[in-house]
Structure formats: C-alpha cells, structure tokens
Amino acid sequence: MTDSPSGRSAALPKAYLPAEFETAIYERWLTADVFAPDGAGSRADPSKPPFTIVQPPPNVTGALHIGHALTADLEDVMIRRARMLRRPTLWLPGLDHASIGAQVVLDKLIAAEGESRASLGRERYLERMNAFVEETRETILRQSRRFGSSLDWSRTRFTMDEVSSKAVRTAFTRLYREDLAYRTEALINWCPGCRTSVSDLEVLPTPESGTLWTIRYHLLDADGRPDPALTISVATTRPETILGDVAVAVHPDDPRYAAVVGRQVLVPFVDRPVPIIADAVVQRDFGTGALKITPAHDPEDHATGSRHGLAPITVMDDDASLNAAAGPYAGLDRYAARQRILADLEAAGDLVEAKPHEMLIGRCQRSNDVIEPRLKTQWFIRTKPLAARALEATRTGQTTILPGRFVKVWEHWLTEIRDWNISRQLWWGHRIPAWYCPDGHVTVSDQVGGPSACEACGRPSAELVQDDDIFDTWFSSGLWPFSTLGWPDETADLRRFYPGTVMETGYDIIFFWVARMMMLGIHFLDEAPFETVYLHGLVRAGSGAKMSKTVGNVVDPLEAIDEIGADALRFALIHGISPGNDQKFSRDKLESARNFGNKLWNAARFVLGARPPSIPADAGRVPPDPDHLGPSERWLRSRMAATVAAVDTAMDDFAFGEATRLLYDMTWSAYCDWGLEFAKVRLSDAGLPETDREATWWALVEVLDGLLRLLHPFLPYLTEAIWAATPHGPDDPELLIVADWPDPEAWSQLADGGSERAVDRVRDLISEVRNARSIAKIVAAERRPGDVLVPPDLAATFAELAPAIGRMARLEPLVAHTERVAFLAAERPGSLAVIAGELEARIAAGAADPAADLAERARLERELADAERHLAAARGRLANEAFTAKAPPAVVEGARTSAAELAEQVARLTLRLRG
RNA sequence: GGGCGGUUAGCUCAGUCGGUCAGAGCGCCUCGCUUACACCGAGGAUGUCGGGGGUUCGAGUCCCUCACCGCCCACCA
C-alpha cells in the first residue's frame, strides 16, 4: 500500500490486492491503537455515551465458520460507525470454553490416539484439554483479525479465566443464599453417550417411525393371584420400562375401566403388584385408554406418580443398560432388553398388538443419542422470578428486541419457563462450588479454596467433599456481559460500560444465551445488560440447506478471504440481508461484492489521476467553490446528500442490507456511471476556466471522501487503502478508521432539487438517444450530428452540459434549438427521432436501414401504447369523484401533473408516428 | 397441537406510512477493448407480486381464508 506518511493524492496501484493490503492495514490500526475506547489513536469524545457491543464468544473448539464471520462483520460495522461518531466504543473479544462441545471434540481426538476419558482420568484429561484449547484459542483470535474485526485486544477474555471463575462462584453462591439455586432429585434429561444431563433446550425432538405395542397386564384376584381371565391392556412405545412400572392409569370418567379402578395388576417379569389408578392425564381415545406409569423414566409419569404418592423405581443405569431392579433383564442394553421383553411377552401370549407409530424422540443436540429421562440429584436454578424481571425489561422498553417478531417467542418462552438444570457430569468447565459433609449437609462457598468448615455442623474442610459436577456452559455465558467487565468487583469498566448498548447474535441462541444474560444481568446488577437485542438470520448454503461439514456444502470464511479478500466477504454477507431473516450464501455474492470493491478502487484511481495540474499533489482537501460547479456536480452532491441521510438512518435502524444497497447504487450508478462521466468532459475541457476544472475535481474528491467514510464499516481495508491516497481536510486524522462519520445535517446543505431534476432530464435524453442508436444498430463509437429541442427552462443547464451530452450520446456536432419551428426546419430525411419527456432529439441519418427504421417505429408504438394506458388510468382516477374527494390533495395533485405530462407525451408521439 | 417466517423476473432477494414500486444483483440476448475499471461500458427482454375472498377512491403492502416450503415451541403413552 501507499505508505507515505502524508499520503495525499498519491497514485493508487493498478489493482487492489487483498493479500498485500489487509495485513499491513490491520497492523497500522493496531499500531495506532484505535480499537480500545481510550486507545492512544482513538478520537473518542469522552462526553459522548459509550457504545458497547456484547459479542457471543466463539467456542474454543475449533475454527470459525461463516456464521461467525457474519456475526463479526455485523458487529464490526456497528462498532466502526460508532467509533466514527466519536463515541467511546467497547467491543471485547472472548472465547467460550463450551464444556460439552469441547469434550465431544477432544474425546474424538484422543480416541484416535487410543485413549479415552476413562483411560486418562480427570486430571490428565483436563491437562490435555488445556493444551488443546491453547492451540485453538490462537487460531480463533487470528481468524478474528483476518475478518477485520476491530476488537479491543487488550481486553480479551475467556469464560474459564480467573475473573470469570470468580464471577461464576459468586453468582452461584448468591443465588443459593437467595434460594434461587437449589439441589434436588428430579427427572433430568440424560444423555447416555455424553454421560451427562443436558438442559431441555439441548434435547432435540426428532421424528421417528416407531411401534406402539399393546400389552396385557393381569389383574390380581382377591387372593393376590393373577387372574388369567381378567386383564387390562396398555399401549406403550417403550416396553423395556415395564419393569419400572408402579401403576396403570385410566381416565376417571372412562366407563370401560370404572370397575377396575383401585384393583391391583401384576407387572410382568418382576411380579410386582401395582394399583390401577384414575387420573385425568390419560387420553381416553389414545391406544387402549390405559396407560402404564413409570415415574423414573418418563416426565409425565413422574408427575402422575407424585400425584398419587407412588415411589419411582429406576431400572436403568447411566449407560442406559438395565440395572438390578430389572430382574432377569439386568445388564442388557435398553434396546436389547426391549427385544427380549417383547419376545417374552409374545411367548406368554400377552403381546396383543404391534402397530407402526410416528413419534418424536428426544435426541442429544451434541451426540444424537436418544435422551433418557432419569432421576438424579442435581442443582437447579429457580427461573420464574428471574424470568419475570426479564419480561418486565422488554415490556417496559428498557430492552428492545429486533426484529420485533421475536418478542412473541421471547414472551412465550419466558412465561412458560421451567427451572434450569445446571449440573453437568462433565470435567471441562466450572466445578460447582458446593461441598457435602458426611452428614449430608451442603455448604456453598465462593472462596477459591472452598469453605473452611461445614456450614451446618462445623466439620472441618478436610471432611468435606466437593460436588463432582460442573456448571452448564451457558451459566458462565449468562454472566458474560458483566463478568467481562470485572464483576463482582466494582470496577471502573463495569461502571462505565454496563449496561451495554447492543447485543448482537443469531436468533438460534435467543433462549440459550440472550434470555440467560437478561435474567442474570438484571438479577445481579438491577439493570438489563443491553438496550437492544439485534438478532440476525442464519447463513445457509446456496441450496437453502443448513451448511454442514459432513454434507460438504460449507463456505469456509478463511478460504474466501484468502481468495477474494475480507472486504468482499464482509460485503457479500451483509449486502441485501434483512434482520432476522436467513440468507443463502453463494460464490456469486462473493464475486459481486469483489466487483463492487474493484469498481470503487478504479473510480478512486481515476479521480486521483484526474487532478488538474493547477492543484498541487499534496494539497489539503477543500470544499469545491460552488460558483464554479456545473449542473452535474450539483446533481452529484445533491444525490450524495440524500444518500448520506438515508444511510445514516438505515444504520440507526439496523438495516445494514439497506445501507449497502444505497451505497452500492450511489457509488456505481450515480458516482461512476454519471458523475465521473460528466466530470470527465469538464475536466478535459481546456475552454473552461481553471477554477471551474478545480471546483469540479474537488467536488469529485468531496463525494468520494464521503463515500469512503460511509463505506468504511463495510469495506474497512479497501476504503482505508484508498483514503491513504486521497487529500485530507485539516481536521482529518491519519487513518480513516477514526475519521468522522459524515454529518447528514451538513450534507443536507448541498441538497439541490432543481439541479437534480434538470440533470435527470438530461440523463433521460442521453439514455433515449443511446437506446435509439442501439436499436438502429448505429455503431457505438460513431459520431453523428444531432439536433435537440430544449424547453426554455432547461436551456441554461443544457448549454452547460452540451459538451458532455455530445460526448455521452455521441451526438457531434450537437445543435440545440429552443424553438420548435427551428428544430423542425432543421430536419433532414432519414433522421432518427428521439423523445425523452419534453426533450426531443434527432440523430442525423446514416446509411439507410429499413429494418432499423421499422424497429424504431415499433418501439415508439410500444411507448405510445404505454403512455396511453397510463394516461387512461390517470384520467380514470381523476374522473372518479371518490378519488378526488377522499385522496390526500398531494396525491390528487400528483395525478393531475402526471396526467398532463402523459397527455403531452401522447401528443408528441402521435405527431411523430402519424404526422 | 400452538406460534413464527417465507412464497415478487430464469436464480438470489429488496420493497418503510396503502398513493410513479413493478425494483436490484446475478444470469440471458445485442453491441462495444471510448486513455478508472472486461471484476468493464451501452442497450434490451423477462412478472396474474402463491390461490381465493374482503376492506378502500386506490392493495406485493391491511384483514380473512386456503395451499406449499422452512423454522421455533409443546407431556398423547
């Protein structure tokens, strides 16, 4: 890149090569120390409110994927704009230890080495994990830099570092003391593969074609012996849980079973007499209307069991094999046991029916194992009171969720929330700071070394045993917005940056993470952790499918950066998206984004190379002298003023896809296609005063400068590279990253509706002439004499732009007429007529081409038909009294003018074709 | 079972308060190496805005309903 310290008006290399520029520019940002809120190079205004983004810390488990890239880009866009608005910005990098995710990954790694968690043991396993994490950590942080993320590296945090650990201990201890954390035996979701419990959110209901079996239970007679004649049939999809049955339930109002309620049945194979109970939970029309009750292995049965005071019987072990309570089936895996039991029932003649049954099976989000509901003594968080305050925060507007449609699911989830099981039987994570004494007393302590004695009986710490379990990863993630600021200590950062401004993440972790941060943040700090929750959509493969490594349809963001550049990736990910909606990502988008960057680069190259010699190469940027501008420059500045305002608003509204669309149009369609093309003519017009040429150039520089600023959040490297070569103003810093965001108010001074309308009419004329030439198959490069009829109000503008019109429409020489008579008199046979609004042009005849003539005629006919149709519609509306009476006056007025214009156009076209 | 998205050009998608909104990019067709850019320029074609009702002077836009696709939540064994 251009490395001269002043770097003003330097020439840009022919091509922008990401590989050469990106690393160097990132280094310059780092050296300038602009990322931290108080960095030496930061130009933050301390009197302005800080702008803080809470970033979802990526898991330490591996490389970053395209979803991380989108997250990073959106956040970087916001933080860069805030920085340019001179707000002190805090965007803090972090990593999550992801206990279960990390263990799944590491288990696979060590399995390849012939080791396992069991063979290594807790201590060696954790050493191994630390080594692994040390590596991936560096990879991930390096990748974040490749994205261009302007993170405050001085504040990098990890959910397992000392500060976070202290926050976790403190948070849990407080919750315990407030009776918001409790330990109890309850039915939890057990993953036999991961050998841990998981939260409700980590259980994925998966459709499966199973079987519904009908099984006959024998009632006991008065002597307690099975009655061969009297049976009751129950329907089940899980015959292996028969062994844990404690009752058979029927609906209280079911006449079929009224007589048997209260009698006993014998549980097959284990020969346990259990009662027939009546409970409204039973659906009479499902299966046989009789339901077996297995409280230890089914959540609903558990509830039913407790209602009837029935003790659960656990028949399965942690590995999902049947235990001693399963009698003859002890030791068998759950599915092997199922087959054996079915065979045995069949043999006994008690298997009545087996029919296919579509159902949902809970599977582990991580391992895909079928989740087994099991009874375990574990820690839970009482979520209702916490959720109530989170709901209050969104209802009162303390926190806004965007897009708004997510409020509904938010409300629903937090209203129906159940207590949160936070115990995990894993090794990698924060160990639960609870100690148990031999008498069963519990002592919870936030001290690093644990309690000195049992809280209840005073037994010394040596006799206490710490809970083996660790916390659900999301518990420490839930503390992230404030643990990263030093909580529980009253740090300066905490005072200054809590609550944060924006929490940005994918909608898929709204419950896992956002809800937990809200609940815990409000609880511990009495204030919601952020003003706005902005949820983005998921990045999908071009086919619409979820990207997955096994399917092989992933786009690796780092590969994309290597190949096409970080700016292109960033732009591609954001361009055209809308909040909360998924996007399909493809190569095409990347290429389109790269082309846009290339366009901007070349436009800048042109401008820098077109500097009038009268302006010194190192001249500081000054505003153009308005008295020496042509209409096209006034048009360009006016368009830019509108763009600045629109982009600014879009950014405020989190409409980033809209912002890039506006900038794309302004840069390509307005600045390059017209602005530069018009300006070329003026800049090379030796007949113009030097001051005019200078003003024209400064106008180009001015708008380019504004575009670079607006585009910087999206294309940080490219814009920084160009900016280094452009003239700077007296108040400008060395680096664009800390330059001021364009002020819509200031730009609005340049709005010039008159110039816009006038130049737009001229642009129309040029387009129409080009169109006519194209149809007439006139070679593009060929110059033809032309005549134009110019309405009086446009005469001045036209005169100024005439050289450009001549060049752009290839009408040379060009004669302008203000009188129709003169215009008509100048006509020669065979010439081509062009109509563009009230402007008319004529292209001198070349070699006669009847086919082209016919084509042109056909086109005019089409145009006439169109105009007539629109005219009829407009007149119809105006004739409608209801319309003129009820529509707003402005709309009616608009219809009148458009009708008048259309009428004029129809008349002209008719004259042309028929007259 | 409940809820939420989506359905607009061949493809990917914008479209705010109902009123020049029938749009963009890519692709396609025809020209063109005009001294910023072929990662380009000029021009062109393509639509019952998923179907059906309704509200309104006026509906991709609001309401109802149906269809299909996707997602989230949920204790019919």
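Just so we're on the same page: letters track the sequence lines, and every chain starts at 1. Only heavy atoms go into these numbers, but all of them, side chains included; no hydrogens, no water, no symmetry mates.
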Fill in the blank from the handout: By nearest-heavy-atom nucleotide on RNA chain B, the more 5' of A/S592 and A/V282 is A/S592
Practice task
Among the candidates B/C39, B/G43, B/C4, find the nucleotide nearest to the side-chain atoms of A/N598.
Solution key: B/C39
Practice task
Output yes when at least one side-chain N/O atom of A/W668 is less than 4.0 Å from OP1 or OP2 of B/C39, else no.
Solution key: no
Handout entry: Separation of atom CZ in A/F585 from atom P in B/C26, rounded to whole Å
Key = 16 Å
Practice task
Rounded to whole angstrom, note down the P distance from B/G23 over to B/G60.
Solution key: 13 Å
Problem - Side chain of A/R810 - closest among B/U16, B/A77, B/U34 - result: B/U34
Handout entry: Complement of B/C40, any strand, by Watson-Crick or G-U distances under 3.5 angstrom
Key = B/G32
Problem - Nearest-angstrom distance, C1' atom, B/G51 to B/U7 - result: 11 Å
Handout entry: Atom-to-atom span, CG of A/L414 to C1' of B/C72 - whole angstrom
Key = 14 Å
Exercise for the section: Just name whichever nucleotide pairs with B/G10, Watson-Crick or G-U, keeping both distances under 3.5 Å, else none. Expected result: B/C26
Practice task
In whole angstrom, give me the gap between the C1' atoms of B/C69 and B/U34.
Solution key: 49 Å
Handout entry: Closest nucleotide among B/C39, B/C4, B/A36 to the A/A603 side chain
Key = B/A36
Practice task
Taking only the side-chain nitrogens and oxygens of A/S767, find out if one of them lies under 4.0 Å from OP1 or OP2 of B/G43.
Solution key: yes
Practice task
Look at A/E411 together with A/K408 and state whether they make a salt bridge at an N to O cut-off of under 4.0 Å.
Solution key: no
Practice task
Look at all strands and tell whether A/G576 reaches a base, only sugar-phosphate, or nothing, counting heavy atoms closer than 4.0 Å.
Solution key: sugar-phosphate
Exercise for the section: Taking atom C1' in both B/C21 and B/U8, compute the distance separating them and give it to the nearest angstrom. Expected result: 11 Å
Exercise for the section: Could you pick out which residue, A/D588 or A/W674, lies toward the 5' side of RNA chain B when each is mapped onto its nearest nucleotide? Expected result: A/D588
Handout entry: A/L204 backbone acceptor or donor facing A/Q365 side chain under 3.5 Å
Key = no
Handout entry: Contact under 4.0 Å: A/R418 side-chain N or O vs B/C75 OP1/OP2
Key = yes
Practice task
Verify, without hydrogens or angle tests, whether A/W213 (side chain) and A/R238 (backbone) share a donor-acceptor contact under 3.5 angstrom.
Solution key: no
Handout entry: Residue-phosphate contact under 4.0 Å: A/N581 side-chain N/O, B/C13 OP1/OP2
Key = no
Practice task
Would you indicate which nucleotide in B/C26, B/G19, B/C40 comes nearest to any side-chain atom of A/K599?
Solution key: B/C40
Problem - N or O in side chain of A/K584 less than 4.0 angstrom from B/C13 OP1/OP2 - result: yes
Exercise for the section: Using the P atoms only, state how far B/U61 lies from B/U48, rounded to an integer number of Å. Expected result: 16 Å
Exercise for the section: Could you check which of B/A36, B/C75, B/C40 has an atom nearest any side-chain atom of A/N595? Expected result: B/C40
Exercise for the section: For nucleotides B/C73 and B/C29, find the distance between their C1' atoms and express it as a whole number of Å. Expected result: 50 Å
Problem - OP1 or OP2 of B/A77 under 4.0 Å from side-chain N/O of A/H357 - result: yes
Practice task
May I ask you to say what A/D653 touches in the nucleic acid, namely base, sugar-phosphate or nothing, with a heavy-atom cut-off under 4.0 Å?
Solution key: nothing
Practice task
Indicate the ring-plane relationship of A/W668 and A/F596, choosing parallel, tilted or perpendicular according to the 30° and 60° boundaries.
Solution key: parallel
Exercise for the section: Hunt down the Watson-Crick or G-U wobble partner of B/G60, both distances under 3.5 Å, from any strand shown, or write none. Expected result: none
Practice task
Test for a donor-acceptor pair under 3.5 Å between the base of B/A42 and the side chain of A/E677, counting only N and O atoms.
Solution key: no
Completion exercise
With the side chain defined as heavy atoms from C-beta on, A/A887 is closest, among B/C76, B/C37, B/G19, to B/G19
Practice task
Tell me yes or no: between the side chains of A/S586 and A/K584, is some donor less than 3.5 Å from an acceptor?
Solution key: no
Practice task
Answer with base, sugar-phosphate or nothing: what part of the nucleic acid does A/P205 contact at a heavy-atom distance below 4.0 Å?
Solution key: nothing
Handout entry: B/G27 versus B/G19 - spacing of their P atoms, nearest Å
Key = 33 Å
Handout entry: A/N771 side chain near B/G44 phosphate (N/O to OP1/OP2, under 4.0 Å)
Key = yes
Handout entry: Nucleotide forming a Watson-Crick or wobble pair with B/G5, both distances under 3.5 Å
Key = B/C69
Problem - C1' gap between B/G18 and B/C63, integer Å - result: 13 Å
Exercise for the section: Could you check which of B/A77, B/A36, B/C75 has an atom nearest any side-chain atom of A/R605? Expected result: B/A36
Handout entry: Closest nucleotide among B/A36, B/A77, B/A74 to the A/K680 side chain
Key = B/A36
Practice task
Would you please classify the geometry between the A/F286 ring and the A/H357 ring as parallel, tilted or perpendicular, with 30° and 60° separating the classes?
Solution key: perpendicular
Exercise for the section: Just call it for A/L360: base, sugar-phosphate, or nothing, with non-hydrogen atoms closer than 4.0 Å on any strand. Expected result: base
Handout entry: Spacing of A/L765 atom CG and A/M808 atom CE [to the nearest 0.5 Å]
Key = 11.0 Å
Exercise for the section: Could you tell me whether the phosphate oxygens of B/C4, OP1 or OP2, come under 4.0 Å of any side-chain nitrogen or oxygen in A/K408? Expected result: yes
Fill in the blank from the handout: For B/C21, the nucleotide meeting Watson-Crick or G-U wobble distances (both under 3.5 Å) is none
Exercise for the section: Check whether the side chain of A/R594 and the base of B/C39 form a donor-acceptor pair under 3.5 Å. Expected result: yes
Practice task
Ignoring hydrogens and angles, state whether a donor on the side chain of A/T884 or A/E881 is under 3.5 Å from an acceptor on the partner side chain.
Solution key: no
Problem - Spacing of A/D764 atom CG relative to B/U20 atom C1', expressed in whole Å - result: 13 Å
Practice task
Using a cut-off of strictly less than 4.0 Å, decide whether A/K14 has a side-chain nitrogen or oxygen near OP1 or OP2 of B/A36.
Solution key: no
Exercise for the section: Specify the separation, in whole Å, of atom CD of A/E358 and atom P of B/G1. Expected result: 14 Å
Practice task
Would you classify A/F406 as touching base, sugar-phosphate or nothing, given that sugar-phosphate means primed atoms plus P, OP1 and OP2, and contacts are heavy atoms under 4.0 Å?
Solution key: nothing
Completion exercise
Taken to the nearest whole Å, CZ/A/R540 to P/B/G70 is 10 Å
Handout entry: Closest to the A/F511 side chain, choosing from B/A36, B/C73, B/A77
Key = B/C73
Completion exercise
Testing B/U12, B/A14, B/G19 for proximity to the side chain of A/V891, the answer is B/G19
Exercise for the section: Please determine if a side-chain N or O atom of A/S578 lies less than 4.0 Å away from the OP1 or OP2 oxygen of B/A14. Expected result: yes
Exercise for the section: Take A/V274 and A/V265, measure what side-chain contact (heavy atoms from CB on, under 4.5 Å) needs, and give me the verdict at the end. Expected result: CA-CA 5 Å; A/V274 302; A/V265 298; 3.5 Å; yes
Problem - Separation of atom CD1 in A/I778 from atom P in B/U34, rounded to whole Å - result: 19 Å
Problem - B/G58, syn or anti by chi within 90 degrees of zero - result: anti
Practice task
For A/A781, answer base if it contacts any base atom (sugar-phosphate contacts may also be present), sugar-phosphate if it contacts only those atoms, and nothing otherwise; contact means non-hydrogen atoms under 4.0 Å.
Solution key: nothing
Handout entry: Rounded distance in Å - CZ (A/F596) to C1' (B/C37)
Key = 13 Å
Exercise for the section: Establish, yes or no, whether the cationic atom of A/K680 lies under 6.0 Å from the six-membered ring centre of A/F606 and within 45° of the ring axis. Expected result: yes
Practice task
Measure from CG on A/L878 to P on B/G58 and round the result to the nearest Å.
Solution key: 15 Å
